[in-house]
Amino acid sequence: LRVFLHPGLLNRLLDLAARLAGKPPMTRKLRFRDLLVWFVLNALVWLGYGLCFHWFILSVIPSAGLAWADSAGIYAVGYIIGFLVLIAPGGIGVREFMFTGLLTASLGSVAATVVALVSRIWLTLAELVPVAVLLAVGGLPGKKNNTQNKKSGSEQ
């Protein structure tokens, strides 16, 4: 674990990335303690995603006999592999294939397919609904500023 969180290596990589981007190197260097805190927080977030996925499975298939740790692992594997397959936008198809394959042993192929397909709809809505609400409340980004700029420009 410590090899992946080695601050010296990460600081050098970040400095290299900054140099390649034409930016100055970071002034505050990462420490092992900082990296460990972020690693633990990230692990807790993924466990939370897994628990929510488990509850989602139970809401779709109430008789599912699946441990929440299994659900967490299946969610993480499906999501990450879907993310890494760059030719599939949003991992579409890949994530569902992974979910179906990994859930079939516990739920059966029909139930696993249903969970995979309904999860795509649910996760897409979970991403789109907050955006729609923010757009409804605040409008398009920059739209208010452009209006204000036009008013202040006409007053000059």
Side-chain angles (χ1 to χ4, degrees), residues 1-57 60 66-107 112-113 115-150 152-153:
L1 175 69
R2 190 171 176 135
V3 171
F4 295 109
L5 296 176
H6 194 276
L9 174 65
L10 288 174
N11 284 324
R12 277 187 250 135
L13 286 172
L14 289 171
D15 287 344
L16 174 64
R19 194 169 48 251
L20 291 173
K23 304 211 183 235
M26 290 179 22
T27 55
R28 184 173 184 267
K29 299 298 180 187
L30 298 172
R31 298 176 310 206
F32 179 75
R33 184 182 68 218
D34 302 329
L35 297 171
L36 186 60
V37 166
W38 285 110
F39 177 82
V40 169
L41 290 173
N42 193 23
L44 290 173
V45 166
W46 277 100
L47 289 173
Y49 286 153
L51 183 60
C52 291
F53 186 62
H54 182 69
W55 289 334
F56 173 79
I57 292 170
V60 175
L66 194 63
W68 84 267
D70 294 335
S71 300
I74 289 168
Y75 181 80
V77 167
Y79 189 93
I80 291 169
I81 290 176
F83 181 79
L84 291 176
V85 176
L86 300 177
I87 61 171
I92 194 159
V94 177
R95 186 169 64 197
E96 291 77 21
F97 177 78
M98 294 304 303
F99 284 171
T100 300
L102 294 169
L103 288 169
T104 295
S106 300
L107 304 179
T113 303
V115 167
L117 294 176
V118 174
S119 76
R120 170 57 69 177
I121 295 165
W122 184 255
L123 290 169
T124 300
L125 288 173
E127 292 171 350
L128 292 178
V129 168
V131 171
V133 169
L134 289 173
L135 286 174
V137 170
L140 290 172
K143 189 174 183 180
K144 289 181 182 176
N145 290 339
N146 288 341
T147 306
Q148 289 173 350
N149 289 342
K150 287 179 184 176
S152 63

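Being a predicted model, the structure only gives us computed values, none of them experimental. As a basis for the values below, the full set of heavy atoms in this structure was taken, side chains included, without hydrogen atoms, waters or symmetry mates.
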Minimal non-hydrogen separation, [X] against [Y], with atom names:
X: Ile81; Y: Met98; result: CD1-CE, 3.7 Å
X: Ser119; Y: Ala116; result: OG-O, 2.7 Å
X: Ala18; Y: Pro25; result: CB-CA, 4.3 Å
X: Ala76; Y: Trp46; result: CA-CZ3, 3.8 Å

Would you give the length of the straight line joining atom [atom1] of [X] to atom [atom2] of [Y], rounded to the nearest 0.5 angstrom?
X: Asn11; Y: Arg31; atom1: CG; atom2: CZ; answer: 11.0 Å
X: Ser71; Y: Phe56; atom1: OG; atom2: CZ; answer: 11.5 Å
X: Asn42; Y: Leu35; atom1: CG; atom2: CG; answer: 12.0 Å
X: Leu47; Y: His54; atom1: CG; atom2: NE2; answer: 13.0 Å
X: Ile57; Y: Leu103; atom1: CD1; atom2: CG; answer: 5.0 Å
X: Glu127; Y: Thr124; atom1: CD; atom2: OG1; answer: 6.0 Å

message: Taking Leu30's backbone N and O only, do any of them form a donor-acceptor pair with Asp34's side chain (distance below 3.5 Å, no angle check)?
response: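 The answer is no, because no donor-acceptor pair under 3.5 Å joins these two groups.
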message: Within the 4.5 Å heavy-atom criterion, are Leu20 and Leu16 side-chain neighbours or not?
response: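 Contact flag for Leu20/Leu16 side chains = yes.
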query: So, do Phe99 and Leu117 sit near enough that their side-chain heavy atoms are less than 4.5 Å apart?
result: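 They are not in side-chain contact.
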- prompt: For atom CH2 of Trp68, is the number of surrounding heavy atoms from other residues, nucleotides or ligands below 6.0 Å larger than 12?
  reply: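 Count over threshold, so yes.
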